[in-house]
J.: 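Sharing a structure here in C-alpha cells format.
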2 protein chains.
Amino acid sequence: MIRHTDALSIGQVSEATGLSVHALRFFEREGLFLRPIPRSAGGRRLYALSDVEWLILCNRLRDSGMPIADLRRFAELVRSGPGNEPERLALLEEHERAVEARIAELNASLAVIHAKVVTYRGHLRDGTVAGVWAPAPSP
Amino acid sequence: MIRHTDALSIGQVSEATGLSVHALRFFEREGLFLRPIPRSAGGRRLYALSDVEWLILCNRLRDSGMPIADLRRFAELVRSGPGNEPERLALLEEHERAVEARIAELNASLAVIHAKVVTYRGHLRDGTVAGVWAPAPSP
DNA sequence: TTAGGAACTAGAGCGTGCTCTAGGTCAAGC
DNA sequence: GCTTGACCTAGAGCACGCTCTAGTTCCTAA
C-alpha cells in the first residue's frame with residue numbers, strides 16, 4: 001500500500017511499475033529520469049508519484065520498441081526545459097511511425113502464419129497432406 | 001540472376017532471403033534447415049529452391065518474434081516426417097496467439113503515444129504547455 | 001597461370017537490456 | 001542490543017541473435 005506522503009521507496013516503485021529494482025537503478029544510471037532522484041539521510045532513493053508516471057510512459061515507449069538511447073534523448077529534452085517541444089514531438093512522431101510500421105509487419109506475418117494454421121487444420125481434418133512441409137531428401 | 005539449375009550458392013540464397021551469409025551458416029549450425037544442405041565437390045553449400053522457400057517462412061516466423069529455439073523445434077518436427085502434424089499446428093497456433101497479443105500490446109502503446117503526439121501538436125499550435133512533461137525540481 | 005572474389009571452418013566478439021553478485025548499510029520490531 | 005529484510009554501490013554476467021576474424025581453399029575469367 002502506497003501512502004500519500006509522496007515519497008516512495010524503490011520497492012514500492014518496482015511494484016507500481018512492474019520494473020525490477022535492478023532495472024530502476026539501471027534506468028537511473030542510464031539517465032532516463034527527469035530529475036536526479038533525491039535520497040533519504042541513509043542514502044535511499046525517494047521517488048515521487050511524478051517519477052512513477054514518467055516510468056509508466058517510459059514503459060510504454062520501451063515495450064513498443066523504443067531503444068534506451070532514444071528514451072534517454074527524450075528525457076534529456078524534457079529535462080532541459082521548455083523550448084524544445086518541436087524536437088520532442090519529432091521524436092514521438094518518429095516512434096509512432098516505427099510502431100505503426102511494426103504493427104503492419106506483424107499483421108503481414110500473422111496472415112502468413114494464419115494461412116499455415118488453416119492449412120494444417122484442413123490437413124488434419126481431411127487427412128490430406130497438401131501444402132504442409134515434408135522432409136526433403138538429401139541428394 | 002538465379003539460373004534454373006536448382007543449385008544455389010550461399011550468396012544467391014543470401015540475396016534471395018535477405019539473410020546474411022553469416023546468418024545462413026549460423027542457421028545451419030542451429031539446425032534450422034529441413035535437411036542437411038548438400039555440398040559441392042569443393043565443399044560449398046548447394047541450396048535448392050525449397051530451402052529458400054523454407055527460409056522465407058523462417059524469416060516470417062523470426063521477424064514476428066519466434067525465438068530460434070522454437071524455430072528449431074518446428075524444423076525438427078518437419079524433419080522427423082509425417083505424424084506429428086498436431087504438434088506442428090499447436091506450435092503455430094501458439095505463435096499466432098503470441099503475435100496477436102503483441103499486436104494488441106503495440107496498439108495500446110500506439111494509442112498512448114498518439115495521445116502524446118496530439119498533446120504536443122496542440123501545445124505547439126496554441127503556445128500552451130498543458131499536458132506536456134516539464135522538468136521537476138530536485139527537492 | 002594467376003589474380004580476385006566467393007566460399008569454407010572454428011571460434012571470438014558484440015549490442016542490447018537487463019540481472020545478479022559481493023560485500024556491505026540502514027531501519028524497524030522484538 | 002539484535003535480527004531481519006529492504007536497500008546501497010560497483011561491477012560482473014547473461015541471453016539472444018547474429019556478426020566478424022583469421023587463415024585457408026575454391027573457382028572463374030583473363
Side-chain angles (χ1 to χ4, degrees), chain A residues 1-3 5 7-33 36-48 51-52 55 58-75 95 98 102 105 109, chain B residues 1-3 5 7-33 36-48 51-52 55 58-75 95 98 102 105 109:
Chain A
M1 189 57 163
I2 298 174
R3 282 186 306 146
T5 65
L8 308 178
S9 72
I10 197 169
Q12 288 172 319
V13 173
S14 173
E15 281 250 323
T17 60
L19 292 158
S20 72
V21 295
H22 297 297
L24 288 169
R25 293 194 272 245
F26 170 73
F27 276 31
E28 189 171 331
R29 278 204 292 280
E30 292 293 310
L32 304 188
F33 282 96
I37 301 300
R39 305 302 181 101
S40 73
R44 295 175 178 215
R45 289 169 180 83
L46 298 172
Y47 296 90
D51 297 317
V52 173
L55 284 171
C58 285
N59 258 348
R60 276 293 175 197
L61 295 172
R62 281 284 311 117
D63 289 353
S64 53
M66 182 182 282
I68 295 281
D70 292 8
L71 214 37
R72 178 166 42 229
R73 176 80 189 124
F74 189 53
H95 185 58
R102 181 68 182 139
E105 198 176 67
S109 294
Chain B
M1 190 56 162
I2 297 173
R3 280 187 307 146
T5 66
L8 308 177
S9 72
I10 197 169
Q12 288 171 319
V13 173
S14 172
E15 281 250 322
T17 61
L19 292 158
S20 73
V21 295
H22 298 298
L24 287 170
R25 292 195 273 243
F26 170 72
F27 276 32
E28 189 172 328
R29 278 205 293 279
E30 292 294 311
L32 303 190
F33 282 96
I37 301 299
R39 305 303 181 100
S40 73
R44 298 177 176 209
R45 289 167 180 83
L46 298 172
Y47 296 90
D51 298 317
V52 172
L55 284 170
C58 283
N59 257 348
R60 276 293 175 199
L61 295 172
R62 281 283 313 116
D63 288 355
S64 55
M66 183 182 282
I68 294 282
D70 293 8
L71 213 38
R72 177 166 42 230
R73 177 79 189 122
F74 189 53
H95 185 58
R102 181 67 183 141
E105 199 176 67
S109 293

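Worth knowing before you read on, the calculation uses all heavy atoms, side chains too, and leaves out hydrogens, waters and symmetry mates. Here the structure is a predicted model, which is why all the values come from computation and not from measurement. Lettering of chains follows the sequences in order, A, B, ..., and the numbering in each one begins at 1.
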J.: Going by heavy atoms closer than 4.0 Å, what residues in residues 39-48 of chain A are next to DNA chain D?
T.: A:R39, A:G43, A:R44, A:R45

J.: With A:F74, which residues qualify under ring-ring contact (aromatic ring centres under 6.0 Å, His included), at least two apart?
T.: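 Counting only residues at least two positions away or on another chain, A:F74 forms a ring-ring contact (aromatic ring centres under 6.0 Å, His included) with A:W54.
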
J.: Check the distance between D:dT19's P and B:I10's CD1 and give it to me in whole angstrom.
T.: 13 Å

J.: Would you please name every residue forming a salt bridge (Lys or Arg N to Asp or Glu O under 4.0 Å) with B:R102, sequence neighbours left out?
T.: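 Per chain and number, B:R102 pairs via salt bridge (Lys or Arg N to Asp or Glu O under 4.0 Å) with B:E105.
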
J.: Just distance, no hydrogens or angles: give the donor-acceptor pairs under 3.5 Å from side chains in residues 41-48 of chain B, sequence neighbours left out.
T.:
residue	atom	partner	partner atom	Å
B:R45	NE	B:E28	OE1	2.6

J.: Suppose we screen for side-chain hydrogen bond (donor to acceptor under 3.5 Å, both in side chains). Which residues come up paired with A:S64, at least two apart in sequence or across chains?
T.: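 Scan of A:S64 (side-chain hydrogen bond (donor to acceptor under 3.5 Å, both in side chains), adjacent residues dropped) gives A:H95.
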
J.: Could you tell me from which nucleotide to which nucleotide of DNA chain C, 5' to 3', there is an atom under 4.0 Å from chain A heavy atoms?
T.: C:dG17 to C:dA27

J.: Please name all residues satisfying side-chain hydrogen bond (donor to acceptor under 3.5 Å, both in side chains) with A:R73, sequence neighbours left out, ordered by chain then number.
T.: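 Per chain and number, A:R73 pairs via side-chain hydrogen bond (donor to acceptor under 3.5 Å, both in side chains) with A:E87.
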
J.: Which residues within residues 58-73 of chain A lie with some heavy atom under 4.0 Å of an atom in DNA chain C?
T.: A:R62, A:P67, A:I68

J.: Mind checking side chain to side chain contact (heavy atoms under 4.5 Å, CB included) for A:V21 and listing every partner two or more places apart, or none if nothing turns up?
T.: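 Checked A:V21 against side chain to side chain contact (heavy atoms under 4.5 Å, CB included); matches are A:I10, A:S14, A:R25.
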
J.: May I have all residue pairs that pass salt bridge (charged side-chain N to carboxylate O under 4.0 Å, His left out) and include part of residues 59-70 of chain B, sequence neighbours excluded?
T.: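 Listed by first then second residue: nothing to list.
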
J.: The criterion is salt bridge (Lys or Arg N to Asp or Glu O under 4.0 Å); which residues satisfy it with A:R72, sequence neighbours excluded?
T.: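 A:R72 satisfies salt bridge (Lys or Arg N to Asp or Glu O under 4.0 Å) with A:E30 once adjacent residues are dropped.
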
